[in-house]
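See below for the structure under consideration.
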Amino acid sequence: MIQAVTVSTKSIDDIEGAVRDLKAQLDAAPPLSRNSVGIIACHYEFVLSGVVKAVQKAFPFDIAGTISSAQAVNDNAGTLLLTLMVLSGDDVRFKTVLTPSLREESGKKIGEAYRAGEGGEKPALIFAFAPFMVENSGDDYVSVIAGASGGIPCFGTLAVDDTPDFRECYMLYRGEHYRDRMSMILVYGDIQPRFYLASISRNKILDRSALVTSSEGHLLTGLNDRPVTEYFASMGLTKASETSYAMTSLPFMLDFNDGTPMVSRVFIGLDEHGNAICAGAMPKGSTLYIGVFDKDDVLLTTGKTIDAALAEKEKPSLVLAYSCISRSMSLGSDTFAEAEILKKKDAGNIPFLLAYSGGEICPTQIQSESAVNRFHNNTFILCVI
């Protein structure tokens, strides 16, 4: 059995006060079991002030996670906030893994780090945390982990901050922060994690579709055997495609045509050749649709997904959630609306942590022997244990 406790602090510049806050909240909770690990989400100012490093030194278990632009736990939500979910159990175990720099040969390094950490013993679940790196694709991360693990369910996030150029998007591991490494928490034991995701309502997806006829990773180069810019022109999106902000409310929806649910992709911009740069792979042979994203649909899909997650007969031990930063942008000034929905629907007071994400990692299906792990944008994802 796994148990969870969530704690938080707003003390950015008071290192001792931050540690004291977290310790007091943890001491007030039921005692931790023999094996523990921490999942962290916080504003980057907690890194710069030294709080993150001090928090790791103060606790006798490994802590991993990412920077986030906003985060929430059961009794606290904020942008300038540090949140920590502590997982614990007598019959579950945790191993933490840190990769070398991913600036070169990222796939090889992730695979080698995972296999070394696993040591031949298959975990029941992998939590994965990575920085936002323009030169790498989250799909590649997920593909490598899936291949190395044999399809173990993988759930996680890419960091996102609130700077204009995303310069503080750190992955956090054992008190240190990195712009070019991934960390993983391998969970062992008899657990049955369940995964849920919300993207966009079906009636918000436009009927007109296009076949991806050429692409290079996350670079979309051809639709229906025509240049991408011609497709945008046919949809009346020539002007909108000139800036990524104008396209925030028009996510790309990809059907891989393999029976799995659609995944969403964020449009980043056009390169000098008129190709579309996307925040995720655009595989040739998939079908592209355009959706219409708005606040009402964000809240509707989030609510339905939380309802589905909490409809299980057995009360969950924890809920870990990540939501794409693009969903936050659609909420306008109501930044914490998704967290409020989760809090209101959490009648059983289930420990939860919700943080915003620069890219979401979540299975779309769990088969008899493996999971179909996917990388998402524009998505709200839940792991329920």
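Every value quoted in this text rests on a predicted model; they were computed, and no experiment measured them.
- Hydrophobic clustering (side-chain heavy atoms under 4.5 Å, transitive across Ile, Leu, Val, Met, Phe, Trp, Tyr) keeps V92 apart from L32.
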Audit row: T221, N275, side chain to side chain donor-acceptor pair (under 3.5 Å) steps and yes/no: CA-CA 5 Å; T221 57; N275 301 314; 5.1 Å; no

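- Looking at R327, its side chain does come within 3.5 Å of a backbone N or O of V298 through a donor-acceptor pair.
- Donor-acceptor pairing under 3.5 Å is lacking for the side chains of Q365 and T260.
- Cluster annotation: V228 and L250 are assigned to the same hydrophobic cluster (Ile/Leu/Val/Met/Phe/Trp/Tyr, side-chain heavy-atom contacts under 4.5 Å, transitive).
- Between the side chains of T96 and Y173, a donor-acceptor pair is found at a separation under 3.5 Å.
- With respect to the salt-bridge test (charged N to carboxylate O, under 4.0 angstrom), the residues K95 and D62 do not qualify.
- Annotation for F94: atom CZ counts as buried by contact number, over 12 foreign heavy atoms lying within 6.0 Å.
- Side-chain atoms of S68 come within 3.5 Å of backbone N or O of A70 as a donor-acceptor pair.
- S33 and Q3 share a side-chain donor-acceptor pair at under 3.5 Å.
- Checking side-chain atoms of T287 against main-chain N and O of L211 turns up no donor-acceptor pair under 3.5 Å.
- In this structure, F267 and F232 have perpendicular ring planes: the angle between them is above 60°, well past the 30° mark.
- With hydrogens and angles ignored, the 3.5 Å screen pairs a side-chain donor or acceptor of N257 with a backbone N or O of G285.
- Residues E105 and K109 are not paired through a salt bridge, judged by the lack of any N-O separation under 4.0 Å between the basic side chain and the carboxylate.
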Quick one, D161 with H43, criterion side chain to side chain donor-acceptor pair (under 3.5 Å). Give me CA distance, side-chain angles, the key distance, then yes/no. CA-CA 7 Å; D161 68 22; H43 193 274; over 6 Å; no

Would N136 and Y141 satisfy side chain to side chain donor-acceptor pair (under 3.5 Å), going step by step from the backbone distance to the final call? CA-CA 8 Å; N136 292 338; Y141 295 160; 3.2 Å; yes

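- For E16, the CD atom is loosely surrounded, since the number of other residues' heavy atoms within 6.0 Å does not exceed 12.
- The backbone N or O of R34 lies less than 3.5 Å from a partner atom in the side chain of D90, making a donor-acceptor pair.
- Using a distance-only test at 3.5 Å, with no hydrogens or angles considered, no donor-acceptor pair links the side chain of S11 to the main chain of D14.
- With a 6.0 Å cutoff to the six-membered ring centre and a 45° limit on the axis angle, R167 does not count as a cation-pi contact of F132.
- Inspection of the E176 and Y178 side chains reveals no N or O donor paired with an N or O acceptor under 3.5 Å.
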Do F129 and Y170 pass the ring pair (Phe, Tyr, Trp, His ring centres under 6.0 Å) test, and can you show the C-alpha distance, the side-chain angles, and the key distance before you say yes or no? CA-CA 10 Å; F129 309 104; Y170 305 122; over 10 Å; no

For residues 75-87, which side-chain donor-acceptor pairs fall under 3.5 Å, sequence neighbours excluded?
| residue | atom | partner | partner atom | Å |
| --- | --- | --- | --- | --- |
| N76 | ND2 | S8 | OG | 3.1 |
| T83 | OG1 | A41 | O | 2.9 |

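- Remark: the backbone N or O of M182 is paired with a side-chain donor or acceptor of T99 at under 3.5 angstrom.
- One N or O on the side chain of T213 and one on the backbone of D225 form a donor-acceptor pair closer than 3.5 Å.
- At a threshold of 4.5 Å between side-chain heavy atoms, the hydrophobic network of Ile, Leu, Val, Met, Phe, Trp and Tyr places M235 and L270 in one connected group.
- Qualifying side chain to side chain contact (heavy atoms under 4.5 Å, CB included) partners for K57, counting only residues two or more places apart in sequence or in other chains: K53.
- Here the side chain of T379 pairs no donor or acceptor atom with the backbone of I381 at under 3.5 angstrom.
- Distance alone, capped at 3.5 Å, places no donor-acceptor pair between the N35 side chain and the D91 backbone.
- For E121, the side chain to side chain donor-acceptor pair (under 3.5 Å) test picks out R93, with sequence neighbours left out.
- Note on L320: it clusters hydrophobically with V37, by side-chain heavy-atom contacts below 4.5 Å among ILVMFWY residues.
- There is no path of hydrophobic side-chain contacts, each under 4.5 Å, that joins L237 to V266.
- Remark: the D255 side chain and the Y289 side chain contain no N/O donor-acceptor pair separated by less than 3.5 Å.
- A donor atom on one side chain and an acceptor atom on the other are found under 3.5 Å apart for S201 and D297.
- Between N378 and S199, the side chains place no donor N or O within less than 3.5 Å of an acceptor N or O (distance only, hydrogens not considered).
- Other residues, nucleotides and ligands contribute over 12 non-hydrogen atoms within 6.0 Å of the NZ atom of K122.
- Defined by atom type and a distance below 3.5 Å, a donor-acceptor pair is missing between the side-chain atoms of N377 and S264.
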